[in-house]
*Asks:* 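Sharing a structure here in structure tokens format.
Proteins get letters first, then strands, A, B, ... in listed order; numbering begins at 1 in each. Bear in mind the structure is a predicted one, so any value in this text is a computation, not a measurement.
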Amino acid sequence: MNTNSIDKYKAINGVVLRIPVGTVASYGQVAALAGLPGRARLVGKALSSRINEMDIPWYRVLRSDGKIAFAESSIQYQRQVEQLKHDGVVVIKGKVNMRTYQWESVL
DNA sequence: GTATTGACTTCAT
DNA sequence: AATGAAGCCAATA
């Protein structure tokens, strides 16, 4: 782990923390807002490295089509669904209606 | 150095 | 709606 990635992870972390309750964002959206356009995959990596230390709302980050990024059988999938529902976000068959719930950030 | 890996995205079936 | 290929690009190995 080098200092470069630490800064990027911090930027990503900051954006995820700003996702309001009851809304969701896509990995690509978070990347763009963090000043890292085109690095959607890096967002997932950053979150996976942080998930053990801090409690950030990682579960508000979904794929661009609203689908949860984990297999249905995984424990993480089930936790994510539960947390989203707790936020008041409707999840149907592992996906969220982005037109309804996607975070419209104002920059 | 090159190769592989992803909590991704988009386009085409 | 579901599936797959191709594109993507930094982080790891």
*Asks:* Between P on B:dA7 and CD1 on A:Ile12, what's the gap in Å once rounded to a whole number?
*Replies:* 13 Å
*Asks:* Which atom names give the shortest non-hydrogen contact between A:Ala25 and A:Trp103, and what distance separates them?
*Replies:* CB-CE3, 4.3 Å
*Asks:* Tell me the closest heavy-atom pair linking A:Tyr101 and A:Val90, and the distance in Å.
*Replies:* OH-CG2, 3.3 Å
*Asks:* What string of B, S and - do you get for nucleotides 4-9 of chain C 5' to 3' if you count protein non-hydrogen atoms under 4.0 Å?
*Replies:* ---BBS
*Asks:* Could you tell me how far apart A:Leu84 (CG) and B:dA7 (P) are, to the nearest whole angstrom?
*Replies:* 18 Å
*Asks:* A:Lys45 has an atom NZ; how far is it from atom C1' of B:dT9, in whole Å?
*Replies:* 18 Å
*Asks:* Does any N or O in the side chain of A:Asn97 come within less than 3.5 Å of the main-chain N or O of A:Arg99, such that one atom is a donor and the other an acceptor?
*Replies:* yes
*Asks:* Contacts to DNA chain B from residues 91-99 of chain A, heavy-atom cutoff under 4.0 Å, which residues?
*Replies:* none
*Asks:* So, does A:Gln83 use its side chain to make a donor-acceptor pair with the main chain of A:Pro57 at under 3.5 Å?
*Replies:* no
*Asks:* Would you say A:Arg60's side chain and A:Ile19's backbone share a donor-acceptor pair under 3.5 angstrom?
*Replies:* yes
*Asks:* So, is A:Ser64 near the phosphate of B:dC8, with a side-chain N or O under 4.0 Å from OP1 or OP2?
*Replies:* no
*Asks:* Report the distance from atom CH2 of A:Trp58 to atom P of B:dA7, rounded to the nearest whole Å.
*Replies:* 13 Å
*Asks:* I'd like to know if the side chain of A:Gln29 reaches the main chain of A:Ser26, judged simply by a donor and an acceptor atom lying under 3.5 Å from each other, with no hydrogens or angles considered.
*Replies:* yes
*Asks:* Using a cut-off of strictly less than 4.0 Å, decide whether A:Ser26 has a side-chain nitrogen or oxygen near OP1 or OP2 of B:dC8.
*Replies:* no
*Asks:* Expressed in angstrom and rounded to an integer, what is the separation of A:Arg63 atom CZ from C:dT3 atom P?
*Replies:* 12 Å
*Asks:* Report yes or no: do A:Gln78 and A:Glu72 form a side-chain donor-acceptor pair below 3.5 Å?
*Replies:* no
*Asks:* Restricting to side chain to side chain contact (heavy atoms under 4.5 Å, CB included), what partner residues turn up for A:Lys67, sequence neighbours left out?
*Replies:* A:Asp65, A:Lys95
*Asks:* Testing the basics here: between A:Asp87 and A:Tyr59, what is the closest heavy-atom pair and its distance to 0.1 Å?
*Replies:* OD2-CE1, 3.4 Å
*Asks:* Roughly, in whole Å, what's the span from CG in A:Asp65 to P in B:dC11?
*Replies:* 13 Å
*Asks:* How many whole angstroms separate atom NZ of A:Lys67 from atom C1' of B:dA7?
*Replies:* 13 Å
*Asks:* For A:Phe70 and B:dC8, give me the distance from atom CZ to atom C1', rounded to whole Å.
*Replies:* 12 Å
